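Take a look at the structure set out below.
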Amino acid sequence: MIYRHILSGARIAISILAAVTILMIVDPAVAAGIEIAVGAPDTVSVGQEVEVKAVLSQNGVPVEGAEVALTYQASLAGESARVEIATGTTDETGIAVMIYEQRADANGEMQVVYLGPDADPVEPYVLTIAVESAGPQLYEFEAGVKIPFVNGTLVILVISGVWFLIGLSAVYLVRVGWDGRGTSEASTPEDGSMWISTLLSTVAVITAIGMVIVFIRSPVSNTHIKDPHQYDRTPIAYVGVGFSYVGFGLNDESSAQTGDPIADGSVLYFKYGCAACHGLSGRGAVVGAPLVDEIGSFGGFSEDTREGPKGMSEYDEATISEENLQKIYAYLKDEG
Amino acid sequence: MDTLNNWRERLISKTTRPTLITTYKYWLWFGFLLVITGNGVFQYWKQWQHGLYVTDMRDRISWGLYITAFVFFIGISHAGTLISAILRATKAGWRAPVTRIAEFITAVALLIGASFVVIDMGRPERIFNVYLFGRWQSPIMWDVMAITTYLTASVIYLSAPMIPDLALYRDRLADKVGVVRNFIYRTLSVNWKGSPKQQKLLGKAITIMMLVIIPIAVSVHTVVSWIFSMTLRAGWNTSIFGVLFVAGAIFSGVATLIIIMAILRRIYHWEEYLTEKHFLYLGYLLAAFGAFMVYVNLSEYLTEGFNLEEAGLFAFRQLFLEDFAAMFWFYIIGGLLGPVVLMLVPKTRTIAGVVTAAILVVVAMFLERYFIVVTGLRVPLMPYEAANYAPTFVEWSIFAAGLAIFCLLITIALKIFPMLAIWEMTEEHAADISDRPTEEPNMVGADIVGSLTSTERLPDAGPPAEGGGS
């Protein structure tokens, strides 16, 4: 360990020297930006704790208090994204130490990227850390144990077999009706066998179509990650992809100034976070008591809000003005 | 031969009694059921409008009375499988008078049970997403598959052995019932004339369905149990659930059958056919399954309790000592040991004793399903206070409506279908009085149908012509 530290320390020293040398000889315009130099081991093994040191300097001066991140290219179920595996902040010598645990049995391209505080873009530092082939990786890309022949096809075969026998039995019943058809007397004008064949073929066809649809659409993963856009569900967030929240402007003052106290109250009810405990429509939830039907007089409501009974936060005049409180009260009263 | 004919004529007149005679009591009962159903429909309308908020199901305990009802009714639906298929396959001759009722219970209970899944959904119109977005990896999908298959198989298995009886109704009752029933008899009796070829074909159909429906039924309740046991929840996550559910299903199915048999016997005076022997045999089955259930519970709770994990501690306390202790001990002592004791003591080995045992079992099995659903969800997965659940009026109303519709469908079926398996019973009776045990007919194959109808066809040849003339 000590040896490794000395080694990485030596590397850092060399890197700094190299960086300083480069800074001295390159164009001053480039040198004005922040430079990243990195010290990291060349080879690691799975399960090892890896220390990566980033050195940030600007015009040869160490940059203090800069945020950096170590990222690598990850892929899961066909999706590829850049994932942060460690972050760090530089100290007064401009060095940020980032530690991560090597889990995968191979690393893609790794980068040390500058996160802030400056807004100017900084060229990321690209590095490669090889992984020793020995040892399994610590997580699996696919879940479960694959047993030959125990799969969806077997399920389909079993279900098909059962439905074949049901169908066979129904065919015998249809033949019963068929056999009696010619000898039909006046009292039985219909071909009575038709209903059962119709019923059975309908059910069988619907079920068969259902099975085929499900089977064809059944994806390889458990998350439908390949085809999420067809799903009317919560959007799936990918690693490394930011999701912009498009919401309702609760903090916009004008949204609670419509002139209708009930409409304003419904906005304020969310704005002040009442809904978090008392439920979306004030009917109570796990933590908060129901408000709608048990609200009582405004005096009591106001007192409770200001004092915060049973562990509830206190909301004083500075937080919720009397006017806004009356609007919330109007809204809750209207809901009841 | 003449004795057999007289016996059969009496049987036919007794069986057609509910179809032909309708008293004011029937309509009172019918109206009573309609009122309960109506209230349930109204409460469901409220649920449709306001969402599942009108129930007491919340984020922590998200399954309640509806899922309990689902498991309960699917369980009852196993009556037909045991009585009809297993006893038919094992050639137990005494089953003949009870099979038809059992098969009706199966089909009706399955319909009600499956609807409770939809009732439990906040957005019922999304039921088709099961097909559109379903995945084989989901136990819900297995459930849909198993129940669809079982429902189809049950309907065929109910209708196939009924064909000769429906043909009899078609011929005998043509001028005694209205257009609708005539149409039903004509259609459902699939041109049955009792020819040897038809008998052979029907025998094959019944044999296949009888053999196929047993594994289907077992799979159905196993898969229902997997909905619980495939999760990582203390109290649910156990391999014995499949066995517990299948045994419990047959247990409650037999109990329901006993209760309905006792009611029909009393109303329609079927004492001659549903004798004490049938009740006692079913009572013994009940006791045997009760003992087996005791064993399964012992095996489960002893293993889980011996190497008690942290979450299991909570699950055990609430079941054995705290909130659910009353239900749990009633289930063990009243519902499982009760029938065993009632059948062991000679004094209670009567029809009344069997019916008492059956009522205890139905109540206990309902409670069992309830506490399995609720206690499993109640165990906190994180250090928070355990949530509580109590069904609301809406939930009770809809559950009551489920029971009412169950009774209603059977009540309507009484007016249309032969509730006693006339040809099978005649067959059984013929074997009894023939006094020649070596010539006992094959209970599964075509012989049963053949030996019966070949001797019985002639007396029946008259009525069809009359019916045709009218």
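The structure presented is a predicted model; accordingly, all values stated were derived computationally and were not measured. Below, chain A is the first sequence line, B the second, and so on; all start at residue 1.
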Open item on the list: If you compare all heavy atoms of A:Ser169 against all heavy atoms of B:Ala205, which two are closest, and at what distance to 0.1 Å?
Closed with: OG-O, 3.0 Å
- [ ] Look up atom OH in A:Tyr172 and atom CD1 in B:Ile156, then write down how far apart they are to the nearest 0.5 Å.
- [x] 14.0 Å
TODO: Can you establish whether the number of heavy atoms outside B:Tyr384 located under 6.0 Å from its atom OH is more than 12?
DONE: yes
Open item on the list: Rounded at 0.5 Å granularity, tell me how far NZ in B:Lys204 sits from CG in A:Leu173.
Closed with: 13.0 Å
Open item on the list: Within a 6.0 Å radius of atom CZ on A:Phe298, are there more than 12 heavy atoms belonging to other residues, nucleotides or ligands?
Closed with: yes
Task: Counterpart residues, salt bridge (charged side-chain N to carboxylate O under 4.0 Å, His left out), relative to B:Glu103 (two or more places apart) - done: B:Arg88
Task: Min side-chain heavy-atom separation B:Ile216-A:Ile166 under 4.5 Å - done: yes
Open item on the list: Looking at chain A, which one of B:Thr149, B:Asp59, B:Asn129 has the largest number of heavy-atom pairs inside 4.5 Å, strictly under?
Closed with: B:Thr149
Task: Residue B:Tyr53 versus chain A: region with a heavy atom under 4.5 Å - done: side chain
Open item on the list: Please determine whether the number of non-hydrogen atoms from other residues, nucleotides or ligands lying under 6.0 Å from atom CD of B:Glu385 exceeds 12.
Closed with: no
